[in-house]
Structure formats: C-alpha cells, structure tokens
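Take a look at the structure below.
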Number of protein chains: 2
Amino acid sequence: MTRTAATAEPMKAHRLYLLLREQILSGEVPDSAKLPSEPQLAQEHRVSRVTVRRALDKLASDGMIERRPGSGTFVSGGQTRMPVVADLANALTHLVEMGRKTGVRLIAFSYVNATPTLAEELKLEPGERLQRSIRVRLIDGQPFSYLVTHVPERIGISYSEADLASTPLLELLERSGLVADKAQQIIGATLASPDVAAALDVEIGAALLSMTRVVYEASGRGIEHLQALYRPDRYSFHMELARTGDHGARRWTAADSRGLTEANENNEKKNARQKRPPLKRRTKNETGRDPSEP
Amino acid sequence: MTRTAATAEPMKAHRLYLLLREQILSGEVPDSAKLPSEPQLAQEHRVSRVTVRRALDKLASDGMIERRPGSGTFVSGGQTRMPVVADLANALTHLVEMGRKTGVRLIAFSYVNATPTLAEELKLEPGERLQRSIRVRLIDGQPFSYLVTHVPERIGISYSEADLASTPLLELLERSGLVADKAQQIIGATLASPDVAAALDVEIGAALLSMTRVVYEASGRGIEHLQALYRPDRYSFHMELARTGDHGARRWTAADSRGLTEANENNEKKNARQKRPPLKRRTKNETGRDPSEP
DNA sequence: TTTATCTGTCCTATAAAAGATACAGATTTT
DNA sequence: AAAATCTGTATCTTTTATAGGACAGATAAA
C-alpha cells in the first residue's frame, strides 16, 4: 500500500527489440531490406503480434526502421554497426594518434580488502589492501567502457585521485618506477547490471564485452587488476592473423593489430536522433537508495 | 483462444538472478560466504522479498547456493568460473591435445546468395553463390559454440556435408588445395536469439561472445566467413601479453597463447544437477512453425 | 531461556504485460 | 477489380510478476 511501482519494463517486447536491433546493426539483416511481417515475426518468436508491434515501435522511434502501411517494415539505411574502436593488445593506444577525443570520468575511488579471488589472481596475500577505482572512458563524449581496477595499496599511493582522471593507469604505474612485464587477458561477455548500464548509457540486460586483465611486473607480483566492460556497439577487439609454420600445424600468429575499424560518421546523427532518456542516472549513488523514500 | 501462453519469465527476479550469479561466478562473492539475508537483498535491490526468493530459488536449483533455514544462504563451493576453453588464434587447436571430447552437430546446410555485407567482407561479387552451414560445437557433450560459416560455392563443393560434421572447415579447405594466408577477427558481444539460444542451451537474451572471422587466401580473396557465437561460461578468449619495445612505447605483443584455463571438474556435477528443460527444442526447425499448430 | 534473525509457506491485492480479435486503410499481386 | 497481405488502431480478456503481509520452524546469539 505504501509504494507502488518502480519502472517495470516489458519483457518479451524488450527482448525482441534488442534482438532485432542486434540483427540490424550487425548487418545480418541488410540495409533497406524488408523485415518479416508482423504476423510472421510474431509466429517465429512465438509471441503475439501486439508484442512484436511494441518492439517495432521502439525500433521505429530509434529511427532504425521505417514502416510502410500496406507494404511492410524496412530497415533504414546507414546502420553499419561497429563504428568505433578496436585493437587487440594495446587497446586505446592509437586512438589518440587518430585524433579522437577520449575522456575519463572517475566514478569511484576507495580502498578495500582483497577478496580471495582478487588476491589469487594478483598473487598477493588474501586480505591485502587494494586501491579500487571505477572509471568510465568516453570517446567523443560517449561512454564506451566501464573499468574497475584494483591496485595494491603501496603502489596506489604513488599517484593521486586526480591523476586517475587524466592519465592511463599503466602510465601512472610506470612513472612510479614499476615495470609491467607480462599481462594476462581474458575476454568474455556479460549482461549489463543496473550500475554499469547507467554508466554506459545502455539498457539493463544489454550485452557487454568483458575483459579481465592482470598485469604483472618482472618479479611476478601483480600490479594491476582490471575488469573492463565495453559497449559492443562502440568497441570491439580486432585482430589480424597471419599464417605461420608449415601446413601440418594450422597455427596463426597475431600480426600487427593496429587495424582500426574506421569510424562511421553516420553515428553522430544516429545518436542524436535517438531519444535516450529512460535511464535513471544513478552513477555514483551505489546503494540505489532513493532519498525521496521514507 | 487457440493457443494460450508460451513461457513468460519473471523480470526483476530474473535480473537479480543473473546479477547474483555473476557475482558468485566472478568471485566477487567468495566461496562459502554468506549472502545477505533475503530481506536485506530485497531492500538493497528495492524489490519485494518474493522476488528475491525467486532469484535465489533459481540459484539454488543451479546448485550454486545452499540455503540453511534459520541460518542464511551460502555460496556453494567450487564455482571458480570460466571453466572451459581458451586460446587466442587457433581456438580449439589444443583442446584435442588435452584429451577432451569435442563434437560437432551439423544443424543446417544450404546454398545462398551473398548478402551485400557478406560479399563485401569476403571481397566477392555481391550475389555470388555461397555455401552456408550452421554447426554447433560440443565439448564433453555440452554445446558451447554456434558457428555460421559461408564459403564460396566453388570451394564448398570440394567436400561433402558429412565431412563438415567431422572435420574442421579450415582443414577441409586446405585439403582442396587452398592456402589460408591471413585472417581477420573481430570479437564482440551479442544477445542470444531464439535459434541460437536453443542450440546453445541458454536462455533467450543471454549474453554471448561473438567472433567474426574472415579468412583470405594469398590472392586476397576470401575463402571463409565465420560468424561464431560462444557461451561465455564455457568459452572465453585467453591471451598472454608480453612487454616489448622500450619504455616510451607501451606496446605489447601476444606471447604464446596456449595457456588454457584448466577445466573445472566440478562442472560436470553442476550441470548434471541443474534442470535444463524450459527450452523448447527447435534446433533444426528454423521457421519455428509448431507442428501442433493449426 | 529468551531474543533476534534466518528461511520456508501461504495468502491477497494490484498493476501491467501479453494475448486474442476484429476491423479500417494502404499496397501489392493476381 | 478482386484478393491477398501489409500496417495502424482499438477493445477486451487472461495471465502473472510483483508487492506486502502474516506466521511457523530452525538456528544462532544474548
């Protein structure tokens, strides 16, 4: 009786929306192609036409499809996907070379005790103090990655909170005399949690690229643990492989990986066209407690 | 009046489930740790206890948590995440070396006309005939990847449909005298569509790792276009990076990438324990037409 | 023992998502 | 011109996720 609802979003409709959106952006459904008819979609996805309709409504309001009564639904042109970044190992290294404006927003900064997992991965004593920071990287003003980093306290104190907002962490670490020697990366995928979704300006439940990287110095001790989440529409890993060895062993090596997917200029326009309000900004307020609540 | 419902899944409950699941698998919540109490979780996430309960129910049926009345809810041991595969370039190459049983299930096989996007990526004439095959790879009987490959027809005829179900495509291509020279990979993330979800035995809307690979022969013509979708809980990309160059240039190269995340033997047990029915098997029936339908 | 804090059940109420259906208006096809 | 096939709309019903309680039994702490 006290409080009523919060948000509550459609479910099947929303999923279908995300799905179709993916197919369009990924080029799976070619530009200007005709989508299956509403009844057809309804049947294929085993939902009612009403639901299909809701999904299409959303797509239409994003400007991604065009609906012609009596004729059908068509993909609007210029949805070429994968607009932005790429690279394998050095991540953003050459972004700057390309003259794109990147930025960092520091979201959280604190000291915590290492969880068992963290300690193990960093090869530290469990319970050791770590400096934790959460940052969001922007490209041309648009967020594309959400970074949670853990650095041993003794190392972390060598730079200030402000430094973090301006300088890449690895550079900060090197300034303090540490030498990164090797690193390990694991790439996977996850769904966007509410916090991350808000920070990256995507919907909850969207697919995100995830990367976990642990950097070690020559002694073998871990000096940085990074958990990164990327918007796949703005960032993806890109690599060129060249064949090495003889025929028997099908073996490839990563060739130069600086091939960037060139930016799609249509994107600015597209993003402008699309209304993106329905996300409650809750970036910093991690508990999510609504002050207006009793 | 004909047909009634399909499935309809909770929303907040499901989200919470995914969230907690993530936290557990990622080690954010340590093994055997006590979760916050149900009322606490309810308050933190601003949902009712009923909802929390549903999420926990699901976790419990996955065998991930243990509930002790009067005491609390605890994380079951051995949830070390990222159980299965890994590697950067050669993907499955050393799986066999490790003695794990892999299998392939051929789901579809046909000839189609190249879509504009496909033609462009393969550097072919638009509209050229392509052989399309959809396969699902299994490891120890469990599906972990969904592969859609397109090969120019003239090349595709050199092997049979049956070959596909037993031999890696690249090997088939090489047998027919082609030499793969370079390849390009893009790694991203997507949501599972109904088809893929069914084939990979995940829920619709789950996060998947996606990889697009185009293989070219020395002449520059594309000989294989692969669109792969991976279950992130069973497969992830793994790479070791070593520092090269001098201090100024923070540059890394992919070192030997054969480091596999060793398999977690608990997994068999876990998967066995978990009931996995709620997915309508529709693997081959691509249209989704239900035969029981009028 | 008493008290506080858990989980396990059961119930009711409400809001809203999803389904089912019918029909009008636009196109395209035959 | 007629038929088939679209999208656009509107109404009505069913289903169900969620909220908000109340209460019993188990467990741990005081």
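Throughout, protein chains are lettered first and strands after them, A, B, ... in sequence-line order, and every chain is numbered starting at 1.
- Per the geometry, CD belonging to A/Q40 stands 17 Å off P belonging to D/dA4, to the nearest Å.
- Shown here are the side-chain hydrogen bond (donor to acceptor under 3.5 Å, both in side chains) partners of A/H150, two or more places apart in sequence or in another chain: there are none.
- The salt bridge (Lys or Arg N to Asp or Glu O under 4.0 Å) check on A/E153 picks up nothing, with sequence neighbours excluded.
- The nearest whole Å value for the distance from the CZ atom in A/R15 to the P atom in C/dA17 is 15 Å.
- Applying the side-chain hydrogen bond (donor to acceptor under 3.5 Å, both in side chains) rule to B/Q227 yields the partners B/T212; only residues at least two apart in sequence or on another chain are considered.
- Judged by distance alone, with hydrogens and angles left aside, the side-chain atoms of A/R21 form no donor-acceptor pair with the main-chain N or O of A/K58 at under 3.5 Å.
- Side-chain atoms of B/R67 lie closest to C/dG8 of the nucleotides C/dG8, D/dG20, C/dG19.
- Nearest nucleotide to the side chain of A/R49, out of C/dA18, D/dG8, C/dG8: D/dG8.
- Look at CG on A/L56: it is 9 Å from P on D/dG8, rounded to the nearest Å.
- Distance CD (B/Q43) to P (D/dA19): 13 Å, rounded to an integer number of Å.
- Rounded to an integer number of Å, the gap from CG of A/L35 to C1' of D/dT5 is 16 Å.
- The side-chain hydrogen bond (donor to acceptor under 3.5 Å, both in side chains) test applied to B/Q131 returns B/Y111, B/Y159, not counting sequence neighbours.
- Between C/dG19 and A/K12, a contact under 4.0 Å exists linking OP1 or OP2 to a side-chain N or O.
- Remark: A/P69 engages no residue in a side chain to side chain contact (heavy atoms under 4.5 Å, CB included) (not counting sequence neighbours).
- Distance from the side chain of B/R53 is smallest to C/dT9 among D/dG20, D/dT9, C/dT9.
- Atom-to-atom, CZ of A/R54 to C1' of C/dA18 comes out at 6 Å; the value is rounded to the nearest Å.
- Between B/T73 and the phosphate of C/dC6, there is no side-chain N or O to OP1/OP2 separation shorter than 4.0 Å.
- Regarding A/E38, its CD atom lies at a distance of 6 Å from the P atom of D/dG8, rounded to whole Å.
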Open item on the list: Output one letter per nucleotide in nucleotides 24-30 of chain D: B when a protein non-hydrogen atom lies under 4.0 Å from the base, S when only the sugar-phosphate is that close, - when neither is.
Closed with: -BBB---

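- As a whole-Å value, the separation of B/E66 CD from C/dG8 P is 11 Å.
- Side chain of B/R234 to main chain of B/P143: a donor-acceptor pair is present (N/O by atom type, distance under 3.5 Å, no hydrogens or angles).
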